[in-house]
Every structure is written in C-alpha cells, then in structure tokens.
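If you read the sequence from its start, that first residue is 1, and numbering goes on from there.
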Amino acid sequence: MNLSDDHSKPDGKGFNLAQLSRLLSDIDVQPNWRDPAQTCCDYYDGHQISSEVKETLIDRGQPVLINNLIAPTIDAVLGMEARTRTDLMLAADDDDGEQLQEALQERFKDAWRLARADRANADAYSSQIKSGLGWVEVTRNDDPFYGGKYKVKPVRRQEMWWDWHANEADLSDARWLMRKRWVDADEAISFLPDHAEIIKQAINNWADFADVESHQEQDSGLLAAYHEFDSWDRNQSEWMDQERGRICLQVIYYKTFRRGYVLDLPNGRTIEYNPNNIAQAVAVKMGKFTPRVAAWADIREAWFVGVHRVVDRECVAPTGYFPIVPFLGYRKDKSGEPYGIIDRMISSQDEINFRRMKLTWLLQAKRVIADKDATNMSRDDLLNEVERADGYIELNPDRKNKKTISEAIQIQQDFNIASQQFTVMQDAMRQIQDVAGVYNAMMGQDSSATSGVAINSLVEQGATTLAEINDNYHYSRTRVADLLMAYLIEDLAKQSNISVTVNKDDVHKRKVVQLNVSNDDGSVTNDVKRWKGHIAQAPVQQTATYRAQMAQQLTALVAQLPPEIQMATLDMVVELMDIPNKQEILNRIRQTLNIPKQQEDMTEEELAAQQQQAEKQEQMEQLQMQQVKSEVDLGMAKVAELQAKIEKLNRDIESADISDQKVEADTAKVLTEVQQVKAQADNAVNAVLENLDQQLATMEF
C-alpha cells in the first residue's frame, strides 16, 4: 500500500461514499468462508479443541489431549515447494531480440532477488495450502534507506475482499478489489498530513467541531468531511477504534470502462490512438495504420480513511494490472468459496483427538460396583483408593452380603473397548494423510515400500495428488513475476543507454548489453518497450538439494561406464556439484582431457585462437591436397609414358620381323611395370589421405 501526495477532494466524483456503501453491502452477503479458513489455520497451530469442549472434558474427568498430525503433514507439503522451487525465465515470443531477452532476464533476476519475492510467494503458498487463499502485493519501494527498488510482500487474507462474481484464477476479471488495514491515528497522519485535522476529528467523534450556527466559518473540506461522518449509517466500529486510537484505512481498486480507437502495431503491440500525436496522425493519414474501435477497462484506486475519501487516482500498478495477486487453492463448485488441504483433514484430526482422549481415559478409568454398605468409606475416598496402585479398601464387617467379596464390591476395567478404540484411531491416523494426498515416503518416514522404485512411485503419486493446487500456485507465481516485469519495463522505458552486464558469474560468458540506445536516424536499438515475450518456469530445478541428487545419480551412472567414457563425462559430474572454485576446476579438467568448449562458452581470445587455428588447418588441407594432386599427376605421367612405349612396341612389331616369344616377354614386362606404377600411385594417395585424417582428429577447435 503506497500513498503519494495525490489527495482527492470530496467533490462527488470518482469512487464516492455511496459506492463504498454499496460495495460494503455486497461484502455483507458474500458466503462466510473466513471462519472456516481461520479454523483450518487454528488446527495447524494446535488449537483444535474449543474452550466449551475443554470444560466438558474436564467435568467428565477426561484428559485434554491433542495429537497434532496436521502440522507435520502440511510442513511436508510446504517443504516440497521449497525443495522443488524453480527459477523464472524470460522466453521471447519471436526470434528477434536475443540480447534484449538476456539483458531483461538479468535485470528481472536482480529485481526478483532484491524484492525477496521467493519468500513472499512461499508465505502466500503456505496460506493457500492451509486456508485456501493467499495474496502477494507488488509495489515500488518508497523507503529510500531499506530494500531494493521494488517490494514483493505477502498480504494477510483477513485484509482482502474481492468481487465475488470474478471467475478467473487470478481474479483479473473482477470489477474491484478491496484492502482494509487498521493503523494508528499518528501513523495515518504521517501518511496523510493534509488530512490530519479530519483524522483527529474522526477519532474524537467530531466532538470539538463547531456547532451548526458557525458552519459557514469552517473550512469547506472539514465541513464536507463532517457531513460524510454524519451521514454514514454503518456501524462505527467497522472503521474506527476510539479506545485504541486506530482508524481503518481502506483501498479500493476498481475498474472504469472506456471505448475508443486503438492502433495495432506491426510488432504485435496495441496502443490507444491519440490524434494529437503527430506521428500517429501521419501514419494513419498515410494508410500505414487503421484505427479500430475497442472497449477496455482502466484500473483506478480510491483511498478512504474511515469514511473520508483522501485519494482517487489511476492505479499505480502498470496498465491493466491489479497490484495484488491472489493465490487460490481449491474453490467450492456451488459457492466459489476458497479452501485448502486442511479443510479435508479436520474430520480425521477430530477423530484422532477424540479416540486418543477416549483411549487414555479408558486405560485409567475403573467402574466400581458395590453394595451401599460394602464399606464404611465415603464415595470419594473409595474412588481415590481404587485409582491408587497401592490402594487400601476395608470392607464393612456388618454388611448384609457376606457371601463373597466379589458380590459385595467389584472393580472393572474394559480393556477390550480400549483396544477397539486404538484400532479405530490408527485408521484415522492413516486417513489424515490419505485425504491430503501426502504419504510417509514424502515426509521422510518409514513406509510399506521397501525398494527405491516403490518409494519414488509413492512420492510421484503424492506430487500428482497435489498437482492441481500446485498448478494454481505456479500460475499465481508467474502472475507476480509478470507484474514485477511490467514495473521493470515501465521504469526502464524512461531511461536511455542502459548498460547491463549479463552472465556475471561466468567469466567466459560475461558481456555488456546496451538497452534503449538512440541512433542517429531516430531509431532505438534494444528498445524495452518493444519486448515481446512471457515468463515461464525454468525446466530445471536450481535448488541445492536437487543438484546434489542429480550429481549423486550421475556419479553412480558414470561409475559403471568404461574408463574412457568416465573421463569424457567427468566435467558433467563436476558441473552439478556445489564446490568452491568449480569453474576453475572445470577449466582444468577440460584442458587436461582436451574437451572442446562450446562457442557460447568461449572468451573473445579463445574465439580468435580458434579462428586462427581453423585458418591454419585450412591452409594445411590445401597443401595436402596439392601434394596429393602432384603425386597423382606424376603417376599419370608415368602411365602415359609406359602406354607410349607399348604403342611404339606395337608399331615395331608391325614393321619388323620379331619373334613371338620376345614380344610376349617384353609385353609382360611392360604390363608388370604399369601395374607397379599404378600401385605405387594408389599407395601414395592413401598414405596422404590417412595422414590428413590423423591430423584432423588431433586438431583442437
């Protein structure tokens, strides 16, 4: 809840007192889900027996025992959220703007961390699981001395009301949201110094205000405030605590609907058409854009100190967003009331407590059946002696029934009923986890499963049972991130030439990206207003526990592989470990094992060295190819020479009388030489190619 100096005068415009009265009347007829929600939280805190039931149990002599099984079960669910929490990442909706996405991701990550958003979302998740509803508020931080630029903090469900006709999971279709917060009068005055007199008079019930005859001499603002106070017909205790000196600060975020012309830009954005904007008017005149009629809602906020409106302005959140995001658990189909997991567990928890108290009472309770004159002891003394382990009971010697002691007095204990109570209680203890969808394996306790596969199956089954409420949580968490991102882009759009260092933790990937860079031609490079993307859950969990589990599984897998594959995957195992100087260790391992880096992981010096090495390799390949060509040309020349000799010999045969035996011998000799020359040429080519392959295999990229 942030408050600026924009104070509204009681002029009858905006969200007036009559509208506030109708809104409060609408709240009065909403289903009562708050009392059951508070009961669920009380059960988690151990307040499971009312004072009336306690008095009844004490009167009966039964022990008041509470065996709170709800708390550890809910703690297991909350622990799963912390253990399986994933990072939020920006995903672009098109292929352009990679640098813009990287820079915005870095700024968003810093804003999310400094705003302690994970803690706020975890608190809202806790309220969602327990009572069925949590809230998170995203605002700019007005405190100049503490915290980051933005604040993400949980809001108690007791402070929030909303339009019951809204159907969306994030209540984005609600006509209004309302937040009430009780503050001390001096705190309200420090927020609203211009309305200090109104606050003081309201706390004093306007007792010091002038009478009717002198109203004309009073300040018009005070006079209007007095009439508001005098005309308000609801219970004064709803907005003022005179004894404590507190007043109720009410903020209503409400929608006002408009109809006008809009322009659809080529990059997918839609803006309101402003005919007074020269650029828009010229673009429409030239036919580049065609205005179209549309209807939309603007969100405004009205502040009331008690019954006095002090602010009515446009909502400080970015356009189209409520500044508070709901975290809804389950909703009842008939009434839409929110509820959480504990609501399903209360019946079993009541049965456990009842059986436990009943069982304890039965184990120590004794039934005494005695004749009226069996002893001379009073009733209380007799019962006290029966309760003692070394009790002494003296029978009346003058009793009428003297046949046997068992006929005069009997002391009975019904252990059979106690065993039955214990059996039923054990069944209820199992049911309390079954109805919540949480199993012993998820809580780290012993279970019926003995193998690792069976245990993992139980954990997976529990995660499936909780999938719906966890999906609602992730949706709301993403909406909180969307709202924070909208704040971030709105503020970055007002700045120029912003330098953002991305990949700060990795010296090999670190670089600087410039945002909102103005060019000479009037265009803007990496304009944040042109960002088109969305926020999604990261596919890989980043928690230390998850990385440790993955490292352990990968280590066990690598240990079963051949030694050469173990060496090749050693850097992947180290990558998952949380150890000091991990990056230096990885660099040395990759350098020793001659493992090539990915181009995106290389520094500028390494990229230059790789390019230089590639050029050398290309030159070597060219030399090798020239050598091969020379060897081939030489072999072909020898073959041509031998073929010429054969042709000459044939001509000599035709022109001279030479014996057939000599011709055949010479011909065979020539053919043998030809085959030898061809074999030598082939061997030379193969040797060169093999040498080239070996050099390529040992070359670093």
Side-chain angles (χ1 to χ4, degrees), residues 1 3 6-35 135 155-166 171 173-183 185 188 191-192 194-195 197-207 209 212 215 218 220-242 244 246-257 297-315 322-324 326 335-337:
M1 299 173 69
L3 194 60
D6 180 17
H7 303 312
S8 175
K9 295 182 180 180
D11 53 4
K13 298 181 180 179
F15 201 88
N16 53 41
L17 202 60
Q19 291 174 298
L20 176 62
S21 179
R22 289 196 297 268
L23 186 147
L24 294 176
S25 299
D26 187 17
I27 291 176
D28 291 340
V29 298
Q30 290 181 357
N32 180 22
W33 63 271
R34 299 178 185 273
D35 290 342
W135 298 85
V155 178
R156 289 175 58 83
R157 70 179 185 281
Q158 292 90 337
E159 298 180 6
M160 293 301 304
W161 282 259
W162 70 94
D163 178 11
W164 203 259
H165 300 290
L171 302 182
D173 59 336
R175 287 294 306 269
W176 55 269
L177 297 181
M178 180 179 185
R179 183 180 180 186
K180 291 184 179 182
R181 184 179 177 185
W182 286 87
V183 297
F191 286 152
L192 306 163
D194 294 343
H195 299 272
E197 188 63 27
I198 294 177
I199 297 173
K200 292 177 182 178
Q201 291 291 346
I203 291 295
N204 197 31
N205 212 16
W206 294 85
F209 197 64
V212 177
H215 275 175
Q218 296 292 340
S220 59
L222 283 177
L223 185 60
Y226 172 75
H227 287 311
E228 291 174 349
F229 171 82
D230 189 54
S231 62
W232 190 247
D233 57 354
R234 294 181 67 90
N235 195 331
Q236 190 176 14
S237 61
E238 293 182 4
W239 62 275
M240 183 171 59
D241 183 0
Q242 289 180 318
R244 177 65 173 77
R246 295 196 308 167
I247 198 165
C248 184
L249 190 61
Q250 302 174 93
V251 186
I252 298 97
Y253 302 98
Y254 64 98
K255 289 182 178 179
T256 58
F257 291 89
D298 290 331
I299 299 178
R300 297 180 58 83
E301 58 183 78
W303 291 63
F304 286 82
V305 177
V307 300
H308 310 296
R309 189 186 68 181
V310 294
V311 173
D312 198 321
R313 65 186 180 194
E314 292 185 2
C315 184
F322 287 114
I324 304 179
S335 61
E337 300 174 49

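For the pair A302 and F15, the tightest heavy-atom approach, listed with the atom from each and the gap, is CB-CB, 3.7 Å.
Between I252 and Q19, every side-chain heavy-atom pair lies at or beyond the 4.5 Å cut-off. Between F304 and M178 there is no side-chain heavy-atom pair separated by less than 4.5 Å. For the pair Y253 and I324, the minimum side-chain heavy-atom distance is below 4.5 Å. At least one side-chain heavy atom of R175 sits under 4.5 Å from a side-chain heavy atom of F257.
Not a single donor-acceptor pair under 3.5 Å links the side chain of D298 to the backbone N or O of T256. Side-chain atoms of R34 come within 3.5 Å of backbone atoms of R157 as a donor-acceptor pair (strictly under, hydrogens ignored).
Listed by chain and residue number, Q158 satisfy the side-chain hydrogen bond (donor to acceptor under 3.5 Å, both in side chains) test with R156 (two or more places apart in sequence, or in another chain). Residues forming a side-chain contact (heavy atoms from CB on, under 4.5 Å) with A166 (at least two apart in sequence, or on another chain): L171, D173, A174. Legend: residues meeting side-chain hydrogen bond (donor to acceptor under 3.5 Å, both in side chains) with S335, ordered by chain and number and at least two apart, are E337. Under the ring-ring contact (aromatic ring centres under 6.0 Å, His included) criterion, W176 pairs with no residue at all, not counting sequence neighbours.
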Using side chain to side chain contact (heavy atoms under 4.5 Å, CB included), reason through V251 and E159 one step at a time and then give a plain yes or no.
CA-CA 10 Å; V251 186; E159 298 180 6; over 6 Å; no
Going through the distances and angles, do R309 and L20 end up as a side chain to side chain contact (heavy atoms under 4.5 Å, CB included)?
CA-CA 10 Å; R309 189 186 68 181; L20 176 62; over 6 Å; no
Test W161 against D26 for side chain to side chain contact (heavy atoms under 4.5 Å, CB included), laying out the working first.
CA-CA 10 Å; W161 282 259; D26 187 17; over 6 Å; no
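W135 and W162 have tilted rings, their planes meeting at an angle from 30° to 60° on a 0 to 90° scale.
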